[in-house]
Amino acid sequence: MLEKYNFTEIEKKWQQIWEKEDAFRVSEDPDKEKYYVLEMFPYPSGKLHMGHVRNYSIGDVLARFKTMNGFNVLHPMGWDGFGLPAENAAIKHNVAPADWTWANISDMQDQLKQMGLSYDWNREVATCHPEYYRWMQWIFIQFYKKGLAYKKESQVNWCPSCQTVLANEQVVDGCCERCKSPVGKKDLSQWYFKITDYADRLLQNLDTLDGWPTKVKTMQRNWIGKSKGALATFDVQDREEKLTVFTTRIDTIYGTTFMVLAPEYPDVIPMVEGTEYEAPVREYIDRCAHMTEIERTSTTNEKTGVFIGRYAVNPFTKKPMPIYISDYVLMGYGTGAVMGVPAHDQRDFDFAKKFDLEIIPVIDPQDPEVDVNDLKEACAAEGVLINSGEFSGMNNKEAIEKIALVAKERGIGEPTITYRLRDWLISRQRYWGTPIPMIYCEDCGWVPEKEENLPVMLPTDVEFTGKGESPLATSKTFADTVCPCCGKPAKRELDTMDTFLDSSWYFLRYTDARNTEQAFSKEKADYWMNVDQYIGGVEHAILHLMYARFFQMALYDLGLTSSEEPFQNLLTQGMVIKDGAKMSKSLGNVVSPAEIIEKYGADTARLFILFAAPPERELDWSDRGVEGSFRFLNRVYRMVYDFKANYEKAVPGEYEIRNDADRKLAYTLNYTIKKVTEDIGERFNFNTAISSIMELVNEMYKYREGDVNETLFACAIRTLVVLLAPFVPHVTEEMWEHLGYEGRAYAQSWPSYDPDALVKDTIEIVVQINGKNKAKIDIPGDATRDDMLAIAAEDETIRGLTEGKNVIKTIAVPGRLINIVAK
RNA sequence: GCGGCUAUGGCGGAAUAGGCAGACGCGCACGUUUGAGGGGCGUGUGGGAGACCGUGCCGGUUCAAGUCCGGCUAGCCGCACCA
């Protein structure tokens, strides 16, 4: 160890040693309690950013801390290797997506290794590796066999820029989640996963996920969007068609004055064919079809629509009512048909005003401020039914239950539940993804590839134009195959899978990453799963985290896993920002991890990022703050160096408390152990853990100015190095070695504290009069409530303060304060 | 519109079960070491001359409120014509 802190050399040295010693390799050990800590694996863009550094620093502290506490810790890392940027690079720079991706993986792996993260690299996975996507395809086939995968022709979200379809979840504010272009519609035959079959379980299980942030659970609940309601079926006058509506307010059915269908509603065209209404209806439908998602939803208030010339019959009142089509009714939710109750629904009210339709109030809110016969806006309040035949006079909450049941008896409806969640569209017209292992045979239809033929390899003779259909269509070798069923010539599916599939089970593959016979062995998965702590950005709250939950449930139903939920505890880290804004190239406020590591070292980068804010919060990057963390490490380094130089023979061991200074240091030392242990283990408050270690160091600096008890100080030095080890692994390893201790710092057991050292002889407490701090007195550390009051009663100062006053009440909190209420 | 989160010195943040608000760090000031600079070491640092006043605002509960309750305001995030 040099006199000066040379982080570059130290970090290189220890990274090499860890690699040579395969320090972080783990295997199943039934005698040890396991702990699985997982950070969301990165897309291999080629460059690590501060968000990654934060994510992996948090995970690494936890992994190292748990290891030191005797757990068998699984801490893996891998690559979400498939995705669009690789294809864009292919188009732009004429490099093969595979070459580009593997080069990036190699670069990023170097950068991760420079951070000194305790990964078991033997378990590294890359989703774009054939040995990974082989099992992805195998899982797809299992889902298909179970009826969870199906192909359907429908109108899909189409990103004109990415030239591919998008799942509902990937459309954000009407724009493509990735490239931000406005999303349009397209009719295509695509593969879907039946995630809606799991809607209720995905929702129900959220209640069991105590270790998840409520924010994420709420977002998922909203996304699943369960709503209880009823179906009601309306006949169409002079027609065979029947129109079924979904409503949460069946109690207002007597107030229905019109009916609205989504423009895409399948029965619309047959109902208008050959009538004078056909032309305007077709024109309206056409207009809607050409609108992007944004255009369609931007006209929030102004309702549009067309009367289709037909009348529906209200099943309760038997009254006919006009049928319209309007884009405010969505084909994708409920049944695509709604009953128009203008008196009690604002959208219906707006529509009725626009088309001059009748408004019939059927709920009286019994509010003197509301005149139901002259409504200025829809009245959604609860109340009593009026104008509702046999149900008039009933409370509307009661009516919601009752009318649905009556409808069921009469065969005109029934109670039901609807979800906002749609089935997951998984086909992508992309090259750089897992090929969908399905084959189309003229005779047999869609047939899965034989499992022994997996993986269906991505071809390399492909052209990238960035336009049109799937790039796999340009391969001369890929499409042609034989039917696995009948052996006749057949064609392969040319689309690839949404990359969110790849990341929906990688945590299972880590448990058995090198298995060539199975996706993962159930035994190993059962040993390591569930993930005890998952860490990542909140931007994955819906997409990834719900897809992964769905996969785990489906795999559970297939008997491949033993638990329905994959992630026991979830920590969503906050963003790293600078100057009050997200780091971005356009703002020019990006701080590159590589620069920081070069200037201050990985240990400083890790320490700062953990110290500056608690993990869930936003982290404001400060160059000054980084210097502070660097300064602290230098301060520790110097103290250890000086200690070794001045007290070469001092060894940690049983020490004697000779004086107050010794007692104070022993107290701080033990208190710090307690504090750091709790802050890391129970609260993930790494910032306060680090600040208490700083206090210990400050205390040690003061202590060494006086009469040094070598054994005690040696204990403090040793403990300091161990407590810092999870945060700053390189420099602590160097100091550990320099101090001449056995083994490696990372392999030490976590220290325990001596509760006796935390008992103080005297403590200072506050005396309040009427809740205001007035004095401080010293009392014995073990003083009871009565002792405290007795001491206070005899104290001169306090007597003076209460003199002439009438003491009404005294409160004493042991170890904290006394409050005297006096008039 | 609906739902969630946040609000504390010049700044990042601390106060874990209602009990000394501002730990720790940054910045700043001063002292010290040094030929000087840098660096180190140390002291001080919410406001106010003071009794006191101070955790976005108004009110409440309590002996005691940053913390609990009711009502606002602002900012951020998510969803949004969901019938």
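Letters A, B, ... are given to chains in the order of the sequence lines, protein chains preceding strands, and every chain is numbered from 1. Here the structure is a predicted model, which means the values were calculated and not measured.
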Can you tell me whether the side chain of A/K776 and the base of B/rC20 have a donor-acceptor pair closer than 3.5 Å? yes
Can you find an N or O donor on one side and an acceptor on the other, under 3.5 Å apart, linking the side chain of A/N819 with the base of B/rC63? yes
Dot-bracket notation for RNA chain B is requested: 5' to 3', Watson-Crick or G-U wobble pairs only, both distances under 3.5 Å, with ( ), [ ], | and . as defined. (((((((..(((......[....)))(((((((.....)))))))((....))..(((((..]....))))))))))))....
Whole-Å gap separating [atom2] ([N]) and [atom1] ([X]):
| X | N | atom1 | atom2 | value |
| --- | --- | --- | --- | --- |
| A/K217 | B/rG78 | NZ | C1' | 17 Å |
| A/D623 | B/rC11 | CG | P | 19 Å |
| A/M575 | B/rC76 | CE | C1' | 9 Å |
| A/I693 | B/rA14 | CD1 | C1' | 16 Å |
| A/M694 | B/rA14 | CE | P | 14 Å |
| A/E678 | B/rA17 | CD | C1' | 13 Å |
| A/K772 | B/rU62 | NZ | P | 17 Å |
| A/Y703 | B/rG42 | OH | P | 16 Å |

Categorize [X] for me: base, sugar-phosphate, or nothing, with a 4.0 angstrom heavy-atom threshold over every strand shown.
| X | value |
| --- | --- |
| A/V245 | nothing |
| A/R816 | sugar-phosphate |
| A/V821 | sugar-phosphate |
| A/R638 | sugar-phosphate |
| A/G628 | sugar-phosphate |
| A/S622 | nothing |
| A/E618 | sugar-phosphate |

Using OP1 and OP2 only, check whether a side-chain N or O of [X] sits under 4.0 Å from [N].
| X | N | value |
| --- | --- | --- |
| A/R631 | B/rC26 | yes |
| A/Y328 | B/rA83 | no |
| A/R617 | B/rC77 | no |
| A/R683 | B/rU16 | no |
| A/N222 | B/rC2 | no |
| A/K215 | B/rC5 | no |
| A/K774 | B/rC52 | yes |
| A/R635 | B/rC24 | no |
| A/R420 | B/rA80 | yes |
| A/N773 | B/rG19 | no |

Given [options], the nucleotide with the shortest approach to the side chain of [X]:
| X | options | result |
| --- | --- | --- |
| A/W223 | B/rC81, B/rC79, B/rC20 | B/rC79 |
| A/P614 | B/rG40, B/rG13, B/rA15 | B/rG13 |
| A/E695 | B/rA83, B/rC24, B/rC53 | B/rC24 |
| A/L817 | B/rA15, B/rG19, B/rC79 | B/rG19 |
| A/K675 | B/rC26, B/rC77, B/rU16 | B/rU16 |
| A/N698 | B/rC81, B/rG13, B/rG25 | B/rG25 |
| A/T688 | B/rG42, B/rA14, B/rA83 | B/rA14 |
| A/V766 | B/rG12, B/rC20, B/rU43 | B/rC20 |
| A/D620 | B/rG42, B/rG12, B/rA83 | B/rG12 |
| A/Y701 | B/rG42, B/rG78, B/rA80 | B/rG42 |

Which whole number of Å gives the distance between the [atom1] atom of [N] and that of [M]?
| N | M | atom1 | value |
| --- | --- | --- | --- |
| B/rC72 | B/rA7 | C1' | 14 Å |
| B/rC81 | B/rC77 | C1' | 22 Å |
| B/rG59 | B/rC11 | C1' | 32 Å |
| B/rC79 | B/rC26 | P | 40 Å |
| B/rU73 | B/rC24 | C1' | 32 Å |
| B/rC76 | B/rA65 | P | 33 Å |
| B/rG22 | B/rG44 | C1' | 16 Å |
| B/rG66 | B/rC20 | C1' | 14 Å |

Please work out whether B/rA23 sits syn or anti, treating a glycosidic angle within 90° of 0 as syn.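 Here B/rA23 takes the anti form, which means its glycosidic angle is more than 90° from 0.
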B/rG47: syn or anti, per glycosidic angle within 90° of 0: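 Anti conformation here, the glycosidic angle of B/rG47 being more than 90° from 0.
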Taking the nucleotide of RNA chain B with the closest heavy atom to each, which residue, A/A613 or A/D679, is nearer the 5' end? A/A613
Start at the 5' end of RNA chain B and walk down; is the nucleotide closest to A/T214 or to A/G771 reached first? A/T214
I'd like to know if the side chain of [X] and the backbone of [Y] have a donor-acceptor N/O pair within less than 3.5 Å.
| X | Y | answer |
| --- | --- | --- |
| A/H344 | A/V362 | yes |
| A/T784 | A/D787 | yes |
| A/N770 | A/A822 | yes |

Lys NZ or Arg CZ of [X] over [Y] ring: under 6.0 Å, within 45°:
| X | Y | answer |
| --- | --- | --- |
| A/R606 | A/F608 | no |
| A/K303 | A/Y328 | yes |
| A/K242 | A/F234 | no |
| A/R638 | A/Y5 | no |

Of the non-hydrogen atoms in A/L202 and A/I195, which two are nearest, and what is the gap between them?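 Result for this residue pair: CD1-CG1, 3.9 Å.
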So, are A/R249 and A/D345 salt-bridged, with charged N and O less than 4.0 Å apart? no
Between A/D623 and A/K599, is there a salt bridge with N-O shorter than 4.0 Å?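 Here A/K599 does not pair with A/D623 in a salt bridge, since their nearest N and O are not under 4.0 Å apart.
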Please say whether more than 12 non-hydrogen atoms of neighbouring residues, nucleotides or ligands are located less than 6.0 Å from CD in A/E539. yes
Under a 4.5 Å cut-off applied to non-hydrogen side-chain atoms, are A/L231 and A/V245 in contact? no
